[in-house]
Amino acid sequence: LFVIELMAFVDALSQPARYFEAAGKWKKNNWVILLGVLALFGLMAIPLLPFGFSFGIFFTMLMVTPAGVYLADVRPEIQSLRR
């Protein structure tokens with residue numbers, strides 16, 4: 001799940017801010033902050049790392065939900081505007 005969060009965060013960073021507003025979505029800064037914080041929590045949730053701890057499956061799924069929304073809703077809109 002961390003990879004999904006990281007992928008959404010990196011993709012949001014690489015998109016121009018004007019496309020977010022043109023698509024009628026949240027501003028780029030909002031997405032980058034939200035996805036960045038959740039990616040950080042996702043990294044901390046990896047139990048094999050020395051600083052890792054478990055949030056539980058429920059909270060882990062809640063943390064990955066905004067990344068799924070970004071990848072399923074926002075990213076396709078931005079990609080269609082870029083073409």
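With hydrophobic clusters built from ILVMFWY side chains whose heavy atoms lie under 4.5 angstrom apart, Leu81 shares a cluster with Ile78. Ile46 and Val3 fall into different hydrophobic clusters, where Ile, Leu, Val, Met, Phe, Trp and Tyr side chains are chained together by heavy-atom contacts under 4.5 Å. Cluster membership check: Leu40 does not share its hydrophobic cluster with Phe59, using side-chain heavy-atom separations under 4.5 Å among Ile, Leu, Val, Met, Phe, Trp and Tyr. Cluster annotation: Leu34 is connected to Val32 through the hydrophobic network of ILVMFWY side chains, with a link wherever side-chain heavy atoms come within less than 4.5 Å.
More than 12 heavy atoms of other residues, nucleotides or ligands lie within 6.0 Å of OH in Tyr19, so this atom counts as buried by the packing criterion.
Using a 30° and 60° split on the angle between ring planes, Trp31 and Trp26 fall in the tilted class, from 30° to 60°.
A pairwise comparison of heavy atoms in Leu43 and Phe2 identifies N-CD1, 3.4 Å as the closest pair. Here the closest non-hydrogen pair linking Pro76 and Tyr70 is CD-O, 4.3 Å.
Residues Met61 and Leu1 meet the side-chain proximity criterion, which asks for heavy atoms closer than 4.5 Å. Between Pro66 and Glu5 there is no side-chain heavy-atom pair separated by less than 4.5 Å. The closest side-chain heavy-atom distance from Leu71 to Ile4 is below 4.5 Å. Using a 4.5 Å heavy-atom cutoff, the side chains of Lys27 and Phe20 are not in contact. With contacts defined as side-chain heavy-atom distances shorter than 4.5 Å, the pair Lys25/Asn30 does not qualify.
For Lys28 (side chain) and Gln15 (main-chain N/O), a donor-acceptor pair under 3.5 Å exists by modelled atom type.
In this structure, CG in Leu62 is found 10.0 Å from CG in Leu38, a value given to the nearest 0.5 Å.
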